[in-house]
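Notes for the one structure printed next.
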Amino acid sequence: HIHFTDAEVNLNLPYSKNLLRLIANSGLPKAGLNLYGHFQLKPFDEEYAKLLSNAGFVGVNFSTDHTDEYVLRIMNKNHTRENVTRITSYCQDYGIKVMHELLFGYPGDNKEKMKSAIDFMTDLDPYVTGICIGIGVLPGTKLHTYCQREQNGLYTSGEPFLDPTFFVDPSFGNGYEELSRTFDDLQKYVGSDSYKFMVPTMVSTARQNNQTAGSDRIKEQIKQGKFGAGWFHYRE
């Protein structure tokens, strides 16, 4: 069980396709090799999905981030909802489980856009959808520059920008108490679909479905012989 990371692996698509052909021709997939990977939605075509399957990929994780056109544009993402739908279908056609990761709280995002993205994923029905609220602020990024001007929406347990620092657009809640209610509302909104949505909480280790590396849940999965990407077993 091997995981390809991070999501730049397919940005040079011709190189990546040749790599997949080499893996497939090695005979390792037939010998039991199981591969997982983290990909961008563009570039990605049907031939690539077929090559992934031939090379032994059983699960792919997309850095989808959002499905709202405006938010995607300000996040410098170049895919559309149509890309999300089509590429999910390609992977499913070749027997590959799909995870989409949604990242909410970027400047200009709001709870209505978040719910619309969740509705879209409910209809699309990938194997699992991961949800995060809050974006890590890293030096040198566009978000870092924004947050140096606009401090409202910053969260840290130490010194901003030196210790781990996160930003959530104030429309999700201004302060820990309001933001906590947004997390609770999100859980209620997903409701009975929580078996296919990895819903976050204010304290990420506070749930039985904790996906954190080294958590009791992950250790128990390994004991049960569930190897590979943690999300790959989420619906179980």
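What you see is a predicted model, and the numbers here were worked out from it, not measured in a lab.
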Main-chain N/O of [Y] paired to [X] side chain as donor or acceptor, under 3.5 Å:
X: Arg235; Y: Lys196; answer: no
X: Thr129; Y: Met121; answer: no
X: Thr165; Y: Asp163; answer: yes
X: Gln40; Y: Lys42; answer: no
X: Asn34; Y: Gly32; answer: yes
X: Lys142; Y: Ile74; answer: yes
X: Thr88; Y: Val84; answer: yes
X: Asn110; Y: Lys113; answer: yes
X: Asn18; Y: Tyr15; answer: no

Looking at every heavy atom in both [X] and [Y], which two are closest together, and how far apart are they?
X: Phe197; Y: Ile118; result: CZ-O, 3.8 Å
X: Ile23; Y: Ala55; result: CG2-O, 3.5 Å
X: Tyr94; Y: Ala49; result: CD1-CB, 4.0 Å
X: Gly108; Y: Tyr70; result: O-CE2, 3.9 Å
X: Ile133; Y: Phe183; result: CB-CZ, 3.7 Å
X: Leu72; Y: His66; result: CD2-O, 3.4 Å

So that I can tick it off, tell me whether Lys50 and Glu46 are bridged by a salt bridge, with the cut-off set at under 4.0 angstrom between side-chain N and carboxylate O.
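Salt bridge: no.
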Please test Phe57 against Cys91 for side chain to side chain contact (heavy atoms under 4.5 Å, CB included), starting from the C-alpha separation and ending with a verdict.
CA-CA 10 Å; Phe57 275 82; Cys91 292; over 6 Å; no
Can you measure from [atom1] ([X]) to [atom2] ([Y]) and round to the nearest 0.5 angstrom?
X: Thr201; Y: Leu186; atom1: OG1; atom2: CG; answer: 10.5 Å
X: Leu13; Y: Leu51; atom1: CG; atom2: CG; answer: 9.0 Å
X: Thr5; Y: Asn61; atom1: OG1; atom2: CG; answer: 8.5 Å
X: Met198; Y: Trp231; atom1: CE; atom2: CH2; answer: 10.0 Å
X: Ile135; Y: Tyr155; atom1: CD1; atom2: OH; answer: 11.5 Å
X: Leu33; Y: Ile2; atom1: CG; atom2: CD1; answer: 5.0 Å

Can you name the residues that form a ring-ring contact (aromatic ring centres under 6.0 Å, His included) with Phe227, not counting sequence neighbours?
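ring-ring contact (aromatic ring centres under 6.0 Å, His included) list for Phe227, sorted by chain: His1.
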Side chains of [X] and [Y], heavy atoms from C-beta outward: is any pair under 4.5 Å?
X: Asp93; Y: Ser89; result: yes
X: Val137; Y: Tyr146; result: no
X: Gln224; Y: His233; result: no
X: Cys132; Y: Leu102; result: no
X: Ser63; Y: Lys77; result: yes
X: Glu101; Y: His38; result: yes

Take a 6.0 Å sphere around [atom1] of [X] and say whether it holds more than 12 heavy atoms from other residues, nucleotides or ligands.
X: Glu236; atom1: CD; value: yes
X: Glu178; atom1: CD; value: yes
X: Tyr195; atom1: OH; value: yes

Geometric class of the His100/Phe62 ring pair [parallel <30°, tilted 30-60°, perpendicular >60°]:
parallel
Determine the interplanar angle of the Phe104 and Phe172 rings, folded into 0 to 90°, and report it as parallel if under 30°, tilted if 30 to 60°, perpendicular if over 60°.
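Rings of Phe104 and Phe172: parallel, as their planes differ by under 30°.
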[X] with [Y], same ILVMFWY side-chain cluster at under 4.5 Å:
X: Leu103; Y: Leu41; result: no
X: Phe167; Y: Val71; result: yes
X: Leu179; Y: Tyr189; result: yes
X: Leu143; Y: Met114; result: no
X: Tyr48; Y: Leu35; result: yes

Carefully, step by step, assess Asp169 and Tyr106 under the rule side chain to side chain contact (heavy atoms under 4.5 Å, CB included).
CA-CA 6 Å; Asp169 190 282; Tyr106 203 79; over 6 Å; no
Which residues pass the salt bridge (charged side-chain N to carboxylate O under 4.0 Å, His left out) test with Glu47, not counting sequence neighbours?
Lys17, Arg21
State, without any angle test, whether Asp119 and Ser116 hold a side-chain donor-acceptor pair at a distance under 3.5 Å.
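Per modelled atom types, Asp119 and Ser116 side chains form no pair under 3.5 Å.
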For Ser194 and Gln187, what are the C-alpha separation, side-chain angles and deciding distance, and is it a side chain to side chain contact (heavy atoms under 4.5 Å, CB included)?
CA-CA 8 Å; Ser194 60; Gln187 178 69 61; 4.0 Å; yes
Output field: ring centroids Tyr90/Phe44 closer than 6.0 Å:
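No, too far apart.
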As a quick check of understanding, evaluate side chain to side chain donor-acceptor pair (under 3.5 Å) for Asp185 and Thr182, giving each step before the final call.
CA-CA 5 Å; Asp185 291 343; Thr182 296; 5.4 Å; no
